[in-house]
Every structure is written in C-alpha cells, then in structure tokens.
Amino acid sequence: MTKPAVLITGASTGIGATYADRFARRGHDLVLVARDAARLDALASKLRGETGVAVDVLPADLTNLDQMTVVEARLRDDDRIGILINNAGAGLGGSFVDQPTEAVDRLIALNITSVARLASAVAPRLAARGDGAIINISSAVGLVPEYGMTVYGATKAFVLFLSQGLALELGPKGVYVQAVLPAATRTELWGRAGADEASLPPMMEVGEMVDAALAGYDSREGVTIPPLHDGELWDTFQTARRSMLPGFGEIHPAPRYAA
Ligand code: NAP
C-alpha cells in the first residue's frame, strides 16, 4: 500500500526539517511549507537524492491569508496527503507589557490561527475516508504560566486543547491526532525570538526530540512530552482535571461564593 504523503509546515529548519528527514526515510512523499523557498528547495533536493521520495515545495507565509488559502486548498484537495504536521511557530521575547500589540497579533496568527485553519482544511477529508493523522506541535511552556512566556504559552495551550478535543472527535473516525510538547530544544527559534544567548536554558537536541515524538506517534499516544521522564505525572494531572467535571454540572454556586 502506498504510504500517505506528509504536509509539514515550518519545514525549512529546526523541528519541521527534522520531521521531513525522518518521514522521508520512512518512505513518505512530502509537501514542505515555510516562507524561505530557497531553504525548502535545498532540503527537498537533498531528501529526494538521499531517499528517493517525491518532495513538493509550497512556499507560504502562514500569517498571510492569500498564501494560507493555497496551503488549505492543497490539504482539502490532494488526496495523497494523509498526514498534516502543524509545526510552524515562533516565540516572542520580552514581557507582556513590552511586547507590541502587533507582535502579539502576529504570533497568534501563526501559532493559533494557522494551526486551526490547516487542521480545519484537512480534517473533513481525513474523517470522511477514515484514516490519517494530524500532529500538532505545542510546547511544555503551554503548561507553565510560571515561565513568564505568557502569550507564547497561551498559544501553545490552545494547540494542546485543540489536539485533545480533535482527538476525541476524530479518533473514533479513524484519524489519529497527536499533540507534541517539547521543552527547550536546540533550534533557531530562540535566536529568532531575540533570546540572549547567555541566558538560554539547557536544550534537547532536535533529532532526539523528534525521534522521541515519533516513538509517541508510532504508539498512537495522544499527548507526547519528550522531556517528561515520569509519564505517570501527566496521567495524574489528567485524572485531577477530570475529577472537576461533575462540579461543572452544579446549578448553584459553591458555598464559598455565598453572598
Ligand atoms: P525554528 O527553528 O525557528 O523553525 C520555525 C519554522 O517555522 C521555520 O521553518 C520557519 O521557516 C517557519 N515559519 C516561521 N514563521 C512562519 C510563517 N509566518 N509562515 C510559514 N512558516 C513560518 O523553530 P522550531 O524550534 O523548529 O519550532 C517548531 C515548532 O516547535 C514551533 O511551533 C515551536 O513553537 C515549537 N517548539 C519549539 C521549542 C524549542 O525549544 N525549539 C520548544 C517547544 C515547542 P521560514 O522562516 O522559512 O518561514
């Protein structure tokens, strides 16, 4: 059986380029999306030469609606594509009061809007045919307001929630949805976000991170957190969250809010 093609956003470098390498070596054709066409072309010809798979390049700025629409159309119409990797994303340096509103808006357009729109473009087709996968790259930062990367973390919390919700809806229809939550990983992201080289935390190497995420993918794990050694902590967290659900059905406020 032919393996499904994989459309990867943010494939010109970092985590996305590493996913491209790994899926090419697994024999999947690729569609690579990012803004830098020259870098995409270079990666595409390298992977074609090394693995023999077909690699298409689809340059697009995912914060530009016209360019986004072209990627959406590809996801809607190209039946060879069975896996979407929603990876393109960026960080934003500084504290909230120092971040320009336009920069906050641009970050949301890339990290939230593009992720939701591309999932929305592909999900109906995958659900109708009853297979395929959506991999969404969230971040451990989305679980940790204490890190102070407030807007970035909020965008990644959105990606986690979106993935969990989509997994509940699409899983029974045969479509696998995975949220991947890397923590600090050595890529260009930090420099692009204006991080001071001297203050960078210890980092995981990108190849190790993606290989761990793919182990989670292969076992059809819903939420994959490569740096979390004690995986039971995540299960405990989910159990605690679900234990609140009955309370959300109460029709009177809790006694602590009595006037
Ligand atoms: P990266 O090395 O900076 O790569 C980001 C990728 O996104 C590049 O291919 C970039 O390519 C593309 N991109 C950026 N803006 C875009 C736009 N407007 N339209 C289309 N593509 C765009 O970062 P990375 O670390 O690999 O990050 C990948 C994902 O992992 C992100 O979602 C990030 O939030 C997440 N993550 C990273 C870390 C980490 O520590 N590195 C940790 C947790 C989560 P062009 O510049 O060519 O467009």
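Residue numbers run from 1 in the order of the sequence given. Remember, it's 1-based here, ligands and their atoms both numbered in the order they're listed.
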Kindly print each ligand 1 N/O atom paired with any protein N/O atom under 3.5 angstrom away, one pair per line, or none if nothing qualifies.
from     : atom 1 : to   : atom 2 : distance (Å)
ligand 1 : 2 (O)  : E188 : N      : 3.4
ligand 1 : 3 (O)  : L189 : N      : 3.3
ligand 1 : 3 (O)  : R192 : NE     : 3.2
ligand 1 : 9 (O)  : G10  : O      : 3.0
ligand 1 : 9 (O)  : S12  : N      : 3.3
ligand 1 : 9 (O)  : S12  : OG     : 2.8
ligand 1 : 11 (O) : S12  : OG     : 2.8
ligand 1 : 15 (N) : R35  : NH2    : 3.3
ligand 1 : 18 (N) : D61  : OD1    : 2.9
ligand 1 : 19 (N) : L62  : N      : 2.9
ligand 1 : 25 (O) : T187 : OG1    : 2.5
ligand 1 : 26 (O) : I15  : N      : 2.8
ligand 1 : 32 (O) : N87  : O      : 2.8
ligand 1 : 32 (O) : K156 : NZ     : 2.8
ligand 1 : 34 (O) : Y152 : OH     : 2.6
ligand 1 : 34 (O) : K156 : NZ     : 3.0
ligand 1 : 40 (O) : T185 : N      : 2.8
ligand 1 : 40 (O) : T185 : O      : 3.3
ligand 1 : 40 (O) : W190 : NE1    : 3.1
ligand 1 : 41 (N) : T185 : O      : 3.1
ligand 1 : 41 (N) : T187 : OG1    : 3.1
ligand 1 : 46 (O) : R35  : NH2    : 2.9
ligand 1 : 46 (O) : R192 : NH1    : 2.8
ligand 1 : 46 (O) : R192 : NH2    : 3.4
ligand 1 : 47 (O) : S12  : OG     : 2.9
ligand 1 : 47 (O) : R35  : N      : 3.4
ligand 1 : 47 (O) : D36  : N      : 3.0
ligand 1 : 48 (O) : R35  : N      : 2.8
ligand 1 : 48 (O) : R35  : NE     : 2.7

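Residue F248 is found in a hydrophobic cluster whose other members, listed by chain and number, are M244, L245; membership requires side-chain heavy atoms under 4.5 Å apart, directly or through intermediates.
The cationic group of R220 lies under 6.0 Å from the six-membered ring centre of Y217 and within 45° of the ring axis, placing it in a cation-pi geometry.
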Output side-chain donor-acceptor pairs under 3.5 Å for residues 1-10, partner residues at least two apart or in another chain, one line each.
from : atom 1 : to  : atom 2 : distance (Å)
K3   : NZ     : R26 : O      : 2.6
T9   : OG1    : I85 : O      : 3.4
T9   : OG1    : N87 : N      : 2.9
T9   : OG1    : A88 : N      : 2.8

Checklist entry - Can you list the steps and then say if S12 with D36 is a side-chain hydrogen bond (donor to acceptor under 3.5 Å, both in side chains)? => result CA-CA 7 Å; S12 62; D36 190 329; 5.9 Å; no

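Applying the side chain to side chain donor-acceptor pair (under 3.5 Å) test to R256 and every residue at least two apart in sequence or in another chain returns nothing.
Counted within 6.0 Å of OH on Y147, heavy atoms from surrounding residues, nucleotides or ligands total 12 or fewer; the atom is thus considered open.
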